[in-house]
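So the structure is just underneath, and the comments pick up after that.
Quick note: residue numbers are just sequence positions, from 1. Since we're looking at a predicted model, the values are computed, not measured.
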Amino acid sequence: MCFGPNSRPPVAPMEGAAIDARRLVLEAADGDRVAAFEARAGEQPSRAAVLVLPDVRGLVAYYEELALRFAEAGCDALVIDYFGRSAGSERDRGDSFDFRSHVEQTTWDGLRADVSAAATHLASAADRARRLFSVGFCFGGRLSFLCATLREPAFAGVVGFYGVVAGPGRAGMPAPLDEARAGRIAAPVLGLFGGADEAIPGESVDAFGAALDAAGVEHELVSYPGAPHSFFDRKADEHADASADAWRRVLSFIERHTTVRAAPTG
């Protein structure tokens with residue numbers, strides 16, 4: 001798995017931030033009930049909405065806390081679970097929950113349906129004029145890269161933390177590298193990788209970058225020397241600098257692609 005049960009995002013809470021948070025259940029087009037956690041930013045409508053895609057454990061406390069940190073930073077955020085079809089939509093499953101057997105029952109069609117339901121929910125808030133982003137980790141990192149292939153609703157940008165970009169993937173997910181080569185990735189990409197992550201060779205990251213270049217897709221792929229898989233963890237003090245830089249890059253990426261430039265005149 002990516003993180004231990006007591007791990008938390010390496011982002012400090014913001015003093016005095018006004019946010020609203022709730023648990024809810026969404027319904028996908030195929031009838032799946034998708035457990036979710038939503039955090040909304042303050043009283044002012046957020047210009048950005050972030051779909052948080054967890055690692056293979058699904059909706060756990062780490063990602064609920066991360067959604068709160070996004071809301072404190074001014075971005076509405078929604079985290080989804082993956083296991084409604086096999087385990088039901090109950091959120092609190094306990095430490096003994098066998099997530100491994102359930103992640104093996106996920107499918108690419110099911111994941112797309114759940115992502116679509118979540119993205120539609122984020123995009124449909126009448127009081128919030130905002131652009132959509134995805135931020136995913138490991139299993140969710142690969143899924144986040146693939147959000148750039150979806151068209152309705154479209155994503156303004158996608159972020160993947162240590163998402164495997166090449167080769168076969170769980171749930172029958174396509175390889176983001178292959179999707180880039182095929183020209184199906186249509187949104188800016190930010191990829192954040194550990195330079196010491198044995199599951200994601202530097203050669204595959206380089207090939208992903210070359211494919212995105214060839215496809216004309218704006219992208220930034222960052223590898224942190226010596227950082228392992230799952231470096232973005234409050235307990236990983238030795239990688240605090242990489243975590244801080246990664247968080248700064250995520251917020252900068254969202255801000256850069258949220259700002260609407262005025263159309264030229266004359």
Heavy-atom donor-acceptor pair, T149 side chain to I185 backbone, under 3.5 Å: no
Residues V115, L143; criterion side chain to side chain contact (heavy atoms under 4.5 Å, CB included); working and verdict: CA-CA 9 Å; V115 165; L143 180 56; 4.1 Å; yes
CA sep, side-chain torsions, deciding dist, call: L53, C147, side chain to side chain contact (heavy atoms under 4.5 Å, CB included): CA-CA 10 Å; L53 299 169; C147 284; 3.9 Å; yes
Spacing of CG belonging to D98 relative to CD belonging to E104, to within rounding of 0.5 Å: 10.0 Å
Pair R33 + E27, salt bridge at N-O below 4.0 Å: no
Aromatic ring pairing F139/Y82, orientation class (parallel under 30°, perpendicular over 60°, tilted between): perpendicular
Within one Ile-Leu-Val-Met-Phe-Trp-Tyr cluster: L24 and V50, side-chain cutoff 4.5 Å: yes
Approximate separation, where rounding is to 0.5 Å, of H219 NE2 and F145 CZ: 11.0 Å
R249 and V222: CA distance, side-chain angles, deciding distance, side chain to side chain contact (heavy atoms under 4.5 Å, CB included) verdict: CA-CA 10 Å; R249 288 178 187 273; V222 182; 3.8 Å; yes
Salt bridge flag under 4.0 Å for residues R184 and D178: no
Parallel, tilted or perpendicular: ring planes of H102 versus F83, cut at 30 and 60 degrees: tilted
Backbone of L59 reached by a side-chain donor or acceptor of D81 within 3.5 Å: yes
Validation row, ring centre Y162 to ring centre F232 under 6.0 Å: no
Residue pair Y224, D241: steps toward the side chain to side chain contact (heavy atoms under 4.5 Å, CB included) verdict: CA-CA 10 Å; Y224 294 98; D241 289 345; over 6 Å; no
Exam field: side chain S243 to backbone H239, donor-acceptor pair closer than 3.5 Å: yes
4.5 Å side-chain heavy-atom contact, F133 and L51: no
From T120 atom OG1 to L132 atom CG, the distance as rounded to the nearest 0.5 Å: 8.5 Å
Any donor-acceptor N or O pair under 3.5 Å, side chains E198, H229: no
Electrostatic pair D20:R40 at N-O distance under 4.0 angstrom: no
Pairing of E64 and R23 as salt bridge, 4.0 angstrom limit: yes
Residues Y63 and D55: side-chain donor-acceptor under 3.5 angstrom: yes
Euclidean distance, S223 OG relative to D206 CG, rounded to 0.5 Å: 7.5 Å
Plane angle bin for F231 and F161 - parallel if under 30°, tilted between 30 and 60°, otherwise perpendicular: tilted
Taking every non-hydrogen atom, the tightest pair across A48 and T258: CB-OG1, 3.6 Å
